[in-house]
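Taking it in order: structure first as structure tokens, then the write-up.
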Amino acid sequence: MKQEEINDKGRRDFLKTAAIATIATTACGSLACSCSSKKAAVAEKVRLLSPDGEIVEIDSVYLNHHENMAVLSKHEQRMGIPGKKFVMVVDLARCKNARKCVTACQKWHYRPEETEWLTVKLMKDSDKAAPYWFPKQCFHCDNPPCVKVCPVNATFKRQDGLVLIDNERCIGCKFCMAACPYSTRVFNWSDPEIPFDIKDLPYSAETGVPARVGTVEKCDFCPDRAREGLLPPCVEACPNGVFYFGDENEDTVSNGDETLSFSQLIKDRSAYRFQEELGTKPRVYYLPPKDRQFPVERGYENLPDKLKARFKDVMEESHLLEKK
Amino acid sequence: MEENKKAINETEAVAMLHQFNEDLLPKKFGKIGKAWVALLCAVFLLGVYCYIIQLRRGLVITGMRDFVFWGIYISNFVFFVAISLVGSLVTAILYLLKVSWRAPLTRLSEIIAVAAIIFAGLIIIVDMGRPDRVVNMVLHGRIQSPIIWDVMVVSTYMVLSILLLYFPLLPGISFCRDHLKGIPKWQKRMYTILSLGWKNKPEQYKLVKKAITILSVMIIPVALCIHTVTSWLFASTYRPGWDSTNFGAYFVSGAFLVGSGGVVAGMYLLRRFNPSYEKYLTNTHFDRMGKLLVLLAVVYAYFSINEYLIPAYKMKGEEAHHLHELFTGYYAPMFWSVQFFGMILPIIVLLFKRGRRPFPMFIMAVLVIVCAWFKRYLIVIPSMSFLPVQEIPEAWKHYSPTLMEWAITGGSLAGALLVITFFIRYFPIISVWEVAEEKGVSTDIIYKHLHEGNEK
Ligand code: SF4
Ligand code: SF4
Ligand code: SF4
């Protein structure tokens, strides 16, 4: 009961801050934002501009986020949400490779099972050290090598900190994949299968749907959700509250259960950024895997064989698995 | 050759010119030539066919995946850019240095350069996921991106190379126009259009010579740029094996070596299939090119040592992983073979005078070329294969090109060879007036008599 209360409070706080953000967006005149802010606050009727140019009133329950986003102009997609600076904090002590984040992300973006914008690695910092689970998505670097090398500005950095891809402009040179030191980018090698209900949606860099053959894609930090005052699906789906998502300007991050001060959290827990020495300045912070809540094996035992194969080597090396 | 420069009198000189014209006019291919063309066409068309399949189904038909996302298309691109550098070496650098024996080699090296750079441009488009959007590079081009630099320098180099091939060719084309007998109408028309109304006037020669000098000066920095910028496509990333400040010089030195190898192989084949060229591509030419090859290979060895030995001394993190794979691991057999056969063996063999005779030279040149191709493979692919990543499906770790990929790559190589072959078939591959000048025929006589046919 108590847990739920805290839950609720955390969520409400986040919603409140998000609502402020979306109202701020309204100021820049986007109709889409104005309806999403309403939705975040009351979730009733919203007024929309129909394709024929008429104002129509729809129950917000029927609204799909993608349709919302489609109204954003290319310029707005490239500028980002004013006043925001999104960050993510990942608590490695809590991760047990439940993989709910992976599936939630795939589902939200209509991606097939093999395409993982978010992957969970089994990391081992040195030979004798014990391994730990390490979720990794795009770090939305502040000095992003992928953006530097893109010849057509299809990958771009926004003022709210996000690094997004416009797959209507991408020429598929794959140079950004070479430049990203973290291998976070994936390529549409063949024509992606697109579910019927999103086939005809206009593409938006904020949603990444529908996918296109021959272009690059990656985790987008789900700004479409943020515009609606919601946390990214990976954050919401995690049963252990591993991911905290929030806004550096407001200094709050939330994992859905609790809302914390971002600066305090990374100070208290000695957060670090992955491969800081590269100078890419990631916007994702990791809390070291100290006092871990689950033994590593818990994330391995119940995996399907296909996934087990990925981690087998590291498990064996660490004597967590009998060598066959 | 040089000592009788002054001693040639007019009648001798005219006779010599006529002899040159006779020898160096393009000839119809024999049986072997036709079979060669047919073979190249078949390979090329197969490549085109596979590319059409790739266009329809996406890059999924290749062996590339998210892990190893650049494959033999890119290594082949680097190879083409490398071999195209020889045009600037022989035509421009040796020209400006006034190296006298270069004359009969210029056109051969320039057509190799042109063919290679054209197919470099094409193969890079083949590697793109969205070739239908190439125009975005113009519409949305960002000057910060090394790809845009590459596009700019490669296209500049292509234009300069074509001009450097074309201007000295004008007298040759007009000679073909006026004196080739029994040729089809279209061929005659082609010569007429391409010769731009060349009349063999001294002023025209002077203009052409001036143009060659200007182009030669211009093309040298551009040539260095194309390969340096190509190396930056890799060096500007963080990956082990690519993250190197030595890469520009390393690439350029390797490029000169493989390009010269290409010229030597071309010289040998020309002589082999048309014995009348033997008077022009003499054993002395092979000897000189052999010495040049040794020099280039030594320079290349120097940069290779810098490239591999210093990181190997430190054995830093991922770099160590990469070097282990090259030196003793999965790629070791290929790595040591290309170092030995593509660099060390040619140096040893060509140091000896007997090694610089045409046939051993040819063998060495072929080794240099083949090893250079695989060297590019070793530069591009392993750097992507050995990041410390655990979550990658096993099949993605080791890239192996699919048959279609090989077919398309083979098609591009065949296409470049076709361009060279057709050029040899329809244009004089050795420049008569430049050779005449080299042999000491005075320019006045050349201007006056070069254009006379042999029919009197
Ligand atoms: S993690 Fe990679 S893809 Fe994401 S912003 Fe950084 S460099 Fe770019
Ligand atoms: S693959 Fe697309 S997004 Fe990546 S660098 Fe090339 S054009 Fe830019
Ligand atoms: S932030 Fe969004 S896109 Fe990124 S991993 Fe989470 S759900 Fe996927």
Side-chain angles (χ1 to χ4, degrees), chain A residues 114-116 119-124 131 134 136 145-156 166-192 212-216 275 277-280 306-307 309-315, chain B residues 54-62 64-71 73-74 124-125 127-151 232-234 236-240 242-243 317-318 380 383-384 387-394 396:
Chain A
E114 319 80 69
T115 306
E116 294 183 1
T119 60
V120 185
K121 292 168 69 164
L122 186 53
M123 287 285 270
K124 215 172 138 182
F134 183 87
K136 175 176 81 59
C146 55
V147 172
K148 277 191 222 168
V149 301
C150 180
V152 296
N153 209 356
T155 281
F156 51 89
D166 179 353
N167 85 11
E168 289 184 326
R169 187 184 282 186
C170 172
I171 57 170
C173 64
K174 298 171 275 174
F175 198 7
C176 53
M177 298 175 82
C180 171
Y182 312 110
S183 302
T184 56
R185 294 178 160 247
V186 291
F187 193 76
N188 284 309
W189 297 99
S190 58
D191 229 332
R212 295 263 154 72
V213 65
T215 60
V216 167
Q275 295 188 323
E277 70 277 10
L278 296 180
T280 52
K306 220 169 77 200
L307 288 170
R310 296 185 187 179
F311 308 117
K312 215 171 116 248
D313 290 355
V314 184
M315 294 295 282
Chain B
Q54 179 183 312
L55 279 180
R56 292 173 53 173
R57 297 189 35 206
L59 285 167
V60 69
I61 65 148
T62 68
M64 298 184 273
R65 287 298 174 266
D66 291 335
F67 202 38
V68 182
F69 45 82
W70 280 348
Y73 294 158
I74 294 286
I124 202 79
I125 292 178
D127 185 67
M128 276 169 43
R130 296 303 297 239
D132 51 322
R133 295 182 183 166
V134 260
V135 57
N136 280 4
M137 298 227 236
V138 182
L139 296 179
H140 305 289
R142 270 172 88 250
I143 197 71
Q144 297 95 315
S145 168
I147 289 198
I148 296 292
W149 311 339
D150 216 29
V151 169
W232 288 347
L233 295 184
F234 304 99
S236 59
T237 70
Y238 297 80
R239 290 176 187 261
W242 292 354
D243 182 6
E318 290 172 1
V380 174
S383 283
M384 287 176 288
L387 284 177
V389 189
Q390 292 98 27
E391 82 278 26
I392 298 298
E394 195 52 45
W396 293 11

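Letters go in sequence order (proteins before strands), and every chain restarts at 1. These values consider heavy atoms only, across backbone and side chains, with no hydrogens, waters or symmetry-generated copies.
Of the listed residues (B:Ile61, B:Thr237, B:Ile147), the one with the most heavy-atom contacts under 4.5 Å to chain A is B:Ile147. Per-residue counts of heavy-atom pairs under 4.5 Å with chain A were compared for B:Asn136, B:Thr62, B:Ile148; the largest is that of B:Asn136. Counting heavy-atom pairs under 4.5 Å between each of A:Arg185, A:Lys306, A:Arg212, A:Met177 and chain B puts A:Met177 at the top. Looking only at heavy-atom pairs under 4.5 Å with chain B, the residue among A:Ala179, A:Ala154, A:Cys170 that has the most is A:Cys170. With respect to chain B, the highest number of heavy-atom pairs below 4.5 Å among A:Cys173, A:Cys180, A:Ser190, A:Pro151 belongs to A:Pro151. Among the candidates A:Thr215, A:Val213, A:Asn153, A:Thr280, the residue making the largest number of heavy-atom pairs closer than 4.5 Å to chain B is A:Asn153. Note on A:Val186, A:Asn188, A:Ile171: by heavy-atom pairs under 4.5 Å with chain B, the leading option is A:Ile171. For the set B:Pro146, B:Gly141, B:Gly58, the count of heavy-atom pairs under 4.5 angstrom toward chain A peaks at B:Pro146.
Using a cut-off of 4.0 Å between Lys/Arg side-chain N and Asp/Glu carboxylate O, B:Asp127 and A:Lys174 are scored as salt-bridged. Electrostatic pairing of A:Glu116 and A:Arg310 counts as a salt bridge here, judged by a charged N lying under 4.0 Å from a carboxylate O.
The closest donor-acceptor contact from the side chain of A:Lys136 to the backbone of A:Thr119 lies at 3.5 Å or more, if one exists at all. The backbone N or O of A:Cys150 lies less than 3.5 Å from a partner atom in the side chain of B:Arg142, making a donor-acceptor pair. Looking at B:Arg133, its side chain never comes within 3.5 Å of a backbone N or O of A:Gly172 through a donor-acceptor pair.
In this model, no donor atom of one side chain and acceptor atom of the other lie less than 3.5 Å apart for B:Trp232 and B:Asp150.
For A:Asn167, the part lying under 4.5 angstrom from a heavy atom of chain B is the backbone only. Using a 4.5 Å cut-off between heavy atoms, A:Val216 makes no contact with chain B at all. Neither the backbone nor the side chain of B:Ile124 comes within less than 4.5 Å of any heavy atom of chain A.
Contacts of B:Arg130 classified as salt bridge (charged side-chain N to carboxylate O under 4.0 Å, His left out), with partners at least two apart in sequence or in another chain: B:Asp132. Partners of B:Phe234 by ring pair (Phe, Tyr, Trp, His ring centres under 6.0 Å), not counting sequence neighbours, listed by chain and number: B:Trp70, B:Trp242.
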